[in-house]
Participant: 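I am attaching a structure below and will ask some questions about it afterwards.
Just so it is clear, the model here is predicted, and its values are computed rather than measured. All values below were derived from every heavy atom in this structure, side-chain atoms included, with hydrogens, water molecules and symmetry-related copies excluded.
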Amino acid sequence: MTDNTPHANVHDDTVDNAAATPDLAQPWAELGLKEDEYARIREILGRRPTDAELAMYSVMWSEHCSYKSSKVHLRYFGETTTDAMKEKMLAGIGENAGVVDIGDGWAVTFKVESHNHPSYVEPYQGAATGVGGIVRDIMAMGARPVAVMDQLRFGPADAPDTQRVLPGVVAGVGGYGNCLGLPNIGGETVFDESYAGNPLVNALCVGVLPVEDLHLAFASGTGNRVVLFGSRTGLDGIGGVSVLASDTFEEGAERKLPAVQVGDPFAEKVLIECCLDLYKAGVVVGIQDLGGAGLSCAVSELAAAGDGGMEINLDNVHLRAENMTAAEILSSESQERMCAVVKPENMDEFMAICAKWDVIASDIGVVTDGENLVVTHDGKVVVDAPPKTIADEGPTYHRPYARPEWQDALQQTPDLARPASSDELRATVLDLAASPALCSRAHITEQYDRYVRGNTVAAKDADAGVLRVNEETGRGVAVSTDASGRYTKLDPRTGTRLALAEAHRNVSVTGAMPYAVSNCLNFGSPENPDAMWQFAEAVRGLADGAAELNVPVTGGNVSFYNQTGDEPILPTPVIAVLGIVEDVEKVIGNRLAQDGVADEVLYLLGETFDELGGSIWQQVAHDALGGMPPAIDLANEEKLTEFFHGTIESRGEHFVSAARDLSEGGLSQAIVEAAAQSGVGIEVSLDDVSADPFVALFSESASRALVAVPAGAAADLEARAAEVGVPFAKIGRVLTADDEKVIRVSGGDISFEIPVSEAESAWRDTLPKLFAHAAGANSVVEAE
């Protein structure tokens, strides 16, 4: 409970005042602190905190910043990371973003972050500033941001709130990224009832840098200056990480608008170029972006990672609002800001570079040989605290968790009627293709610029986005993100491994070698033992899976409290996999009948089993969720990687002309999309896939891919698959004649045809019809 006696004077609450008024009531509960946490702060300081200190501790000890409920589980990543995995990383967990050496003197950094709750409150700015925040994380590593991706999840596509939230989120992602000149090279959009009222907006950014340009966040060197540069500090975003990101949503949460940040992508674009010039000049000792918790986070983390103390003068902070208190300045999450540590002899050059780019820079402090972070405002000391206690030594909770009582019942296979006749199977193929679960996302992705900067090799409808990093050698990277909340709810550990496997496979089918992993773990309240068990199982599934695949988890993000009232979202561990491509000219595409290849045969790699638990067929045909998700043996994923990577590395020319992974919707969806995207017909026999045509079409068994090869190379494919131990079945051929633009399916006693035009219309038309009201209406002005 909180005392209702008058609070301290926020305009004149100094350290001396705090020491003299030990019993003055403070709003610790309103700031998200627990009673024992507040008591611990008093114990650390030996007095009550000032209002500025209370603000700093509350935001830095929030769930979003301190990982207080998750870090006991996240340590498992360190326990399972082998020395061989560590050798791949230049920077890992604990830094702003993971960094890996990809060869040729180049490094790549990538990370995923959540901006879920702000995007529900104010969809445009919530999503836009989510993109801006992850871009600055990449900048802080010394890298040039080169691409973004997004993982979006909403309630039912036809629900009124989805109709409100989706257009604004998509406009925010596109508007900010497009203005920055960053290609959006992929992602996912998922619809499910559990995300109604709590959408997920996860943004990923990829950056590139010369290996020697790596920068880390630390403040060292007594006498070095602390410089805040970028946009002015205002009142927007105050309470973002404590009010929005560290609590559940209740009725009326969409009214928490002041806590949502406001972005300016043009200011960020200039800030990117300014940072790169600063790095090139060698005038930065340490650097930190200002995101969640704003200046509180930047100065406390820089000081905590350094070898001394720090003094900060808030009177020097460039502001855009009058009469801001020390607590407000420290807590503001105004966007497009960075904080750097600079040697005194480099200050003139640092300031000159900022002036060149018209970026405001203020000398706000100094690194000291003391032990504390000391902050002054209006000439008075308002913070005097050990920085590690703010940034690194927050609470650690061992939350209770247990396998839910309802889990066994959920895992029972539901008795659902299956289509059997030719007509029923044909209708099901079209129903799934037209469903919001599987329909084309072009209505969304066409609002993003995919090819700006000129180094995008694959993006539109691709399994993985592919980027050229080195224009001289052709070296590049492939990136994919994946998650299945449905699988994860059925079995959190297996569901997470399946997400890792699919992202890994999406990278593999391009011919790239999967190399590193990032993640964004979206779950319900950590105070809910069911949700906490799901989280703990997911962490172990990911960590063990990454170790089996020898791909290090380089970093990530945890987003808790994703629920409305007592109803949590589907547990959604978003997994990103980055792969290395030695020569992007050799990348395998997924279009059929390209480059003059007119006689292609189709193979299915991998084995198909009766695995429909958590499938899209369950969801679309029966609005059901039950059974067990597909089994996953990651050794089979490694075999696929060996097959595809070896195809482009050890063979002079491709004998694989196209490839795509099989996942949601199974073979049915793969052939619909292949035909619609390529504009050709497909003839498929299911007899060698499964004895049951329904299973052959709609099973979502893992570790499978659909591959096309020129007829003359069929023997090469079969030899290669046998060599690496990948099961294969020759299932059909590509039909290129104008009068054969049909999808022709046969197997057992069934056979049916679907004109490609009908399949394409079913697949493409759904979202434009659902969101026609928003076409052309997405703008910053309207969103605001």
Side-chain angles (χ1 to χ4, degrees), residues 419-435 438-440 442 460-463 509 588-605 608 654-662 665-690 693-698 704-718 728-766:
S421 70
S422 297
D423 288 345
E424 289 173 335
L425 289 167
R426 182 187 192 278
T428 304
V429 169
L430 291 171
D431 287 347
L432 263 63
S435 70
L438 293 177
C439 69
S440 169
K460 184 177 181 180
D461 296 326
D463 291 304
V509 297
I588 303 170
N590 64 5
R591 298 293 195 277
L592 304 175
Q594 298 295 299
D595 300 325
V597 177
D599 186 15
E600 286 177 315
V601 291
L602 299 174
Y603 282 83
L604 179 62
L605 303 184
T608 301
H654 291 176
F655 59 79
V656 172
S657 49
R660 63 178 64 224
D661 86 302
L662 266 65
L667 179 61
S668 168
Q669 188 66 16
I671 60 178
V672 166
E673 292 184 8
Q677 292 166 7
S678 306
V680 297
I682 292 177
E683 183 175 75
V684 170
S685 170
L686 305 175
D687 290 332
D688 292 334
V689 179
S690 172
F694 167 79
V695 171
L697 282 169
F698 304 112
R704 298 186 300 159
L706 179 65
V707 175
V709 297
D716 289 333
L717 179 141
E718 294 182 6
F728 62 89
K730 187 176 180 179
I731 65 169
R733 63 192 180 100
V734 178
L735 309 174
T736 55
D738 288 341
D739 60 353
E740 282 196 300
K741 290 192 175 181
V742 296
I743 297 172
R744 186 178 297 143
V745 180
S746 63
D749 296 330
I750 68 97
S751 65
F752 61 86
E753 281 190 3
I754 304 172
V756 172
S757 59
E758 183 180 356
E760 182 175 5
S761 178
W763 181 62
R764 291 195 187 278
D765 292 349
T766 302

Participant: Look only at the side chain of D661 and the backbone of D463, and say whether a donor-acceptor pair between them is shorter than 3.5 Å.
Facilitator: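 A pair under 3.5 Å: no.
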Participant: Check for a donor-acceptor pair, side chain of T428 on one end and backbone N or O of E424 on the other, with a separation under 3.5 Å.
Facilitator: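 Present.
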Participant: Judged by atom type as modelled, is there a donor-acceptor pair below 3.5 Å linking the side chain of R660 to the main-chain atoms of N590?
Facilitator: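 Answer holds: yes.
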Participant: How about V509 and I588: do any of their side-chain heavy atoms sit closer than 4.5 Å?
Facilitator: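 Side-chain contact under 4.5 Å: no.
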Participant: Does the side chain of I671 come within less than 4.5 Å of V745's, by heavy atoms?
Facilitator: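 In contact.
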Participant: If we only count heavy atoms from C-beta on, is the E718 to Y603 side-chain gap below 4.5 Å?
Facilitator: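 Yes - at least one pair of side-chain heavy atoms lies under 4.5 Å apart.
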Participant: I need the minimum non-hydrogen distance between V756 and G681, along with the two atoms involved.
Facilitator: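 Result for this residue pair: CG2-CA, 4.0 Å.
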Participant: Any side-chain to backbone donor/acceptor pair from S422 onto F752? Under 3.5 Å, distance only.
Facilitator: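 Side chain of S422 to backbone of F752, a donor-acceptor pair under 3.5 Å: no, none is there.
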Participant: What distance separates E673 CD from S440 OG, expressed to the nearest 0.5 Å?
Facilitator: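 Rounded to the nearest 0.5 Å, the CD-OG separation comes to 8.0 Å.
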Participant: Before giving the answer on side chain to side chain contact (heavy atoms under 4.5 Å, CB included), spell out for V672 and I743 the whole-Å C-alpha distance, their side-chain angles and the decisive distance to 0.1 Å.
Facilitator: CA-CA 8 Å; V672 166; I743 297 172; 4.2 Å; yes
Participant: Going from CZ on F728 to CG on L717, what distance comes out if it is rounded to the nearest 0.5 angstrom?
Facilitator: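 F728 CZ to L717 CG: 7.5 Å, rounded to 0.5 Å.
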Participant: Decide yes or no for L592 and E600: does some side-chain heavy atom of the first lie under 4.5 Å from some side-chain heavy atom of the second?
Facilitator: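 Answer yes - side chains close enough.
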Participant: Would you check if the side chain of S685 reaches a backbone N or O of G747 as a donor-acceptor pair within less than 3.5 Å?
Facilitator: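 No, S685 side chain to G747 backbone: no donor-acceptor pair under 3.5 Å.
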Participant: Show your working on side chain to side chain contact (heavy atoms under 4.5 Å, CB included) between L604 and L662 and close with a plain yes or no.
Facilitator: CA-CA 9 Å; L604 179 62; L662 266 65; 3.5 Å; yes
Participant: Can you find a pair of side-chain heavy atoms, one from S435 and one from L438, that are under 4.5 Å apart?
Facilitator: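 A side-chain contact under 4.5 Å exists here.
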Participant: Can you check side chain to side chain contact (heavy atoms under 4.5 Å, CB included) on L602 and K730, steps first, answer last?
Facilitator: CA-CA 6 Å; L602 299 174; K730 187 176 180 179; over 6 Å; no
Participant: Would a 4.5 Å heavy-atom cut-off, applied to side chains only, mark W763 and L430 as touching?
Facilitator: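 Counting from C-beta outward, W763 and L430 never come under 4.5 Å.
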Participant: Just by distance, do the side chain of Q594 and the backbone of R591 share a donor-acceptor pair under 3.5 Å?
Facilitator: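 Not a single qualifying donor-acceptor pair exists.
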Participant: Please report the shortest heavy-atom distance between G666 and R704, naming the atom on each side.
Facilitator: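 Scanning both residues, the minimum pair turns out to be CA-NH2, 4.0 Å.
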Participant: Measuring from S746:OG to E683:CD, what's the distance to the nearest 0.5 Å?
Facilitator: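 That separation rounds to 6.5 Å.
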Participant: For E758 and K741: C-alpha separation, side-chain torsions, deciding distance, then whether salt bridge (Lys or Arg N to Asp or Glu O under 4.0 Å) applies.
Facilitator: CA-CA 10 Å; E758 183 180 356; K741 290 192 175 181; over 6 Å; no
Participant: Do V742 and L735 make a side-chain contact, defined as non-hydrogen atoms from C-beta onward lying under 4.5 Å apart?
Facilitator: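 In short, these two side chains touch, coming nearer than 4.5 Å.
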Participant: So, taking the atom named OG in S668 and the one named CD1 in I754, what distance separates them when rounded to the nearest 0.5 Å?
Facilitator: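 Output value for this atom pair is 7.5 Å.
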Participant: Could you report the tightest heavy-atom contact between T736 and A593, atom names first, then the distance?
Facilitator: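 The answer is CG2-CB, 3.9 Å.
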Participant: If you round to the nearest 0.5 Å, how far is SG of C439 from CG of L432?
Facilitator: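 Result: 11.0 Å between the selected atoms.
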Participant: Output, in order, the C-alpha distance, side-chain angles, deciding distance and verdict of salt bridge (Lys or Arg N to Asp or Glu O under 4.0 Å) for D599 and R733.
Facilitator: CA-CA 8 Å; D599 186 15; R733 63 192 180 100; over 6 Å; no
Participant: Do the side chains of I731 and L667 get nearer than 4.5 Å, heavy atoms only?
Facilitator: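 The answer is yes, as the side chains (C-beta and beyond) meet within the 4.5 Å cut-off.
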Participant: Between A696 and L686, which heavy-atom pair has the shortest distance, and what is it?
Facilitator: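 Result for this residue pair: CB-CB, 3.9 Å.
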Participant: Where do F698 and L425 come nearest, in terms of heavy atoms and distance?
Facilitator: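 Scanning both residues, the minimum pair turns out to be CE1-CD2, 3.9 Å.
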Participant: Taking all non-hydrogen atoms of both residues into account, name the closest pair between I682 and A674 and its distance.
Facilitator: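 The pair with the smallest heavy-atom distance is CD1-CB, 3.9 Å.
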Participant: Please confirm whether the backbone N or O of V680 pairs with a side-chain atom of S678, one donor and one acceptor, at under 3.5 Å?
Facilitator: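 Not a single qualifying donor-acceptor pair exists.
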